[in-house]
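Here is the structure we will look at, set down as structure tokens.
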Amino acid sequence: MKNQEIAKIFNEMAKYLKMEGVDFKPFAYEKAAISLESLNEDVGEIYAQGGIKSLLEISGIGKSMAGHIEEYLKNGKIKDYEKMKKSLPLQIDELIRVEGVGPRKVKILYQKLGVKNLKDLEKAAKTHKITPLFGFGEKTEKNILQGIEFAKRSQGRFLISKILPVAREVLEKIKKFEGVKEASLAGSLRRGRETIGDVDILAVAKNVEKAMDFFIALPGVEKVWGKGGTKASVHMGDGFDMDLRVVPEKSFGAALQYFTGSKEHNVATRRIAISKGLKLSEYGIFRGSKMIAGKTEEGVYKAIGLPYIEPELRENEGEIEAALNGKLPKLIELKNIKGDLHCHSNWDGGKNSIEDMVKTAMEMGYEYIGISDHTKFLAIERGLNEEQLLKQREEIKQLNLKFKIKNLKFRILHGCETNILNDGSVDIKDEILEKLDYVIAGVHSSLKMEKKEMTSRVEKAMKNKNIDIFAHPTGRIVGQRDKYQIDFDKILQQAKETGTILEINSSSRLDLRDTYIRRAKNKGLKMIINTDSHRKDHLNLMEYGVAQARRGWAEKEDIVNTFPIEELLKHFKQNA
Ligand code: DGT
Ligand code: CA
Ligand code: CA
């Protein structure tokens, strides 16, 4: 099937046309590309059956696009495209990824300085060859250098927990701005992805111009990349970019569906629309020229015969099939969480006292909190030994007694976070572990072990009857450290056999990650979402773990800290 090949060429041609400064035409190529990407049938087959006439019947394909498709099917290439490549032989994608460098600038940089790729660009900027160019100047050169630095440093992606609070603040301000009727986050942020490229915001506003001016003047905005008829793009002091798109009210749902993505999900939904003789775009759903839905997302899904699909599921990883078969999961929600069992106190060098941690947990509406300080092997974390654990147990007992007297429905559970040593044993004696309400175990040393060794190390720990929870099971830290080598299928099997609960760690580990959560769920395993708090304000990281759980199709029943306390304790006991 040649559909994707041709779509790719059309996208490239659009960029070349933009470099030439051509108006409108690039859009036709992009439209044709999206059309081909979401086409069910082989475009070659369509052409073979009905010639150029049948190509013209595909939505989004006009006369000149049909001509290009015919040419490619016949000759394996498109002359215009070959010409474009020859006249400007450069890495467009790489270059326009640098913020502040658009297609037109790319062309000038190539013609005047011979810049073909990122490396050339950096060299030109560092040797101040860009400043004297007409239409560039010192500021642009500086911008370009910053853009390159940024692209290199972070590869342009940010941990969700760094972005969401800022984006929410901006969203709230936009919502309150005069004349704004509706606003929502979209893109990867709305889908809860662990890392975010840029923030996408959609709004409906009475006065588009005013709303965009308000957006680009917000505190925190460091630079304005651009402001057009319906879209404004800014760079935030925190290092990331934000797009605001203002859309008509009647199209808000369709735009939200489109700009939430993912692209793969959109291709699939478009395909369904086409199969029903409909056209789905960011403007709405159309039968011929009649708009039949678009104001709400629910309406958009309904018009193509689907129930509403939660944003976290929209990755084209089976959610469409599940929706068609009425098999969508009822995803876990933040409000289902009744407590947090991976919390450190000042006993092990954490910032806050047990009482402080408890107070915050109560304010969050939790029914319980589990204190699980590090144990002695982790000397840098001031890990507790057996004696200290017993002392800590007394303090917790007293606090629980106090709650009881006051008739407070809150309970502190006492656990600890033991270390899985190289041989698979843990660093606290079983007779002490037995006395605790629950025990977490994790790998904190010798992370570079070979796969086989690491797997049996963890398997052995899971067989310890006192260990209830396997913390941050793959050892990765988002943006900082890869997972260690471990046979995850074997870990799943062992967890199944021993009833070990796998942790979804909500800190910057986000471990288990979404796809692994789904594998654990499919295996029928129980998981727990914990924050690994080392201070009280970390407790509200919970929502990031929940987001990953939702991306992993987890339901309330899969996650043990949605259980009331009695049920949770029963669960620990059963699996002892
Ligand atoms: P990010 O920003 O890299 O974390 O990921 P997204 O998903 O936020 O991607 P972004 O910001 O480039 O675009 C936002 C949404 O717009 C994306 O999820 C789906 C939609 N979209 C963007 N480009 C295309 C496209 O070429 N085709 C289709 N069907 N949808 C697109
Ligand atoms: Ca985005
Ligand atoms: Ca974007």
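Counting convention: from 1, in listed order, for ligands and their atoms alike.
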- Do any nitrogen or oxygen atoms of Ser262 lie less than 3.5 angstrom from nitrogen or oxygen atoms of ligand 1? no
- Message: List ligand 1 atoms under 4.0 Å from Thr260, heavy atoms only on the residue side.
- Response: 18 (O)
- Is it true that Lys107 and Glu20 have a side-chain N and a carboxylate O under 4.0 angstrom from each other? yes
- Message: So that I can tick it off, tell me whether Glu543 and Arg168 are bridged by a salt bridge, with the cut-off set at under 4.0 angstrom between side-chain N and carboxylate O.
- Response: yes
- Query: Mind checking whether Lys263 has a heavy atom under 4.0 Å from ligand 1?
  - Reply: yes
- Message: Out of all atoms in ligand 1, which are within 4.0 Å of some heavy atom of Ile196? Include the element for each.
- Response: 4 (O)
- Query: Does the separation of the ring centres of His235 and Phe240 fall below 6.0 angstrom?
  - Reply: no
- Message: Just to be sure I read this right, does ligand 1 sit under 4.0 Å from the backbone of Glu30, its side chain, both, or neither, counting only heavy atoms?
- Response: neither
- Item | Sequence-distant partners of Tyr110, ring pair (Phe, Tyr, Trp, His ring centres under 6.0 Å), two or more places apart | none
- Note on the structure: Looking at Gly197, Ala33, Ser188, Gly261, the heavy atom closest to atom 6 (P) of ligand 1 belongs to Ser188
- Does Glu122 pair with Lys126 as a salt bridge, N-O distance under 4.0 Å? yes
- Taking distance alone, with no angle check, do Asp200 and ligand 1 share an N/O pair under 3.5 Å? yes
- Message: Tell me whether the Ca ion (ligand 2) has Asp198 as a neighbour, meaning an N, O or S atom of it below 3.0 Å.
- Response: yes
- Task: Decide whether the shortest distance between a heavy atom of Val199 and an atom of ligand 1 is less than 4.0 Å.
- Result: no
- Note on the structure: Nearest non-hydrogen contact to atom 19 (C) of ligand 1 from the set Phe240, Tyr258, Phe158, Phe259 belongs to Tyr258
- Message: Whether Glu194 and Arg476 form a salt bridge (side-chain N of Lys/Arg under 4.0 Å from carboxylate O of Asp/Glu) is what I want to check.
- Response: yes
- Message: Could you check whether Arg519 makes a cation-pi contact with Tyr516, meaning its NZ or CZ is under 6.0 Å from the centre of the six-membered ring and within 45° of the ring axis?
- Response: yes
- Sequence neighbours excluded - side-chain hydrogen bond (donor to acceptor under 3.5 Å, both in side chains) pairs with any residue from residues 310-327: Arg191-Glu315, His265-Glu319, Glu297-Arg314, Tyr301-Arg314, Glu310-Arg550, Glu312-Arg550, Glu315-Arg551
- Query: Side chain, backbone, both or neither: which part of Asn266 has a heavy atom under 4.0 Å from ligand 1?
  - Reply: side chain
- Message: Does the residue Glu37 have a heavy-atom contact with ligand 1, meaning some pair of atoms that are separated by less than 4.0 Å?
- Response: no
- Query: If you draw a 6.0 Å radius around NZ in Lys483, do more than 12 non-hydrogen atoms from other residues or ligands fall strictly inside?
  - Reply: yes
- Atoms of ligand 1 close to Arg157 [distance to a heavy atom under 4.0 angstrom, numbered from 1]: 1 (P), 3 (O), 4 (O)
- Item | Over 12 non-hydrogen atoms of neighbours within 6.0 angstrom of NZ in Lys521 | yes
- Message: Less than 4.5 Å apart, side chain to side chain, heavy atoms only: is that true for Tyr258 and Val300?
- Response: no
- Enumerate the atoms of ligand 1 whose separation from the nearest heavy atom of Gly187 is less than 4.0 angstrom. 8 (O)
- Query: Does Arg191 approach ligand 1 within less than 4.0 angstrom via side chain, backbone, both or neither, non-hydrogen atoms only?
  - Reply: side chain
- Task: Using only N, O or S atoms, tell me which atom of Asp200 is closest to the Ca ion (ligand 2).
- Result: OD2
- Please identify which atoms of ligand 1 are closer than 4.0 Å to at least one heavy atom of Asp198. 2 (O), 11 (O)
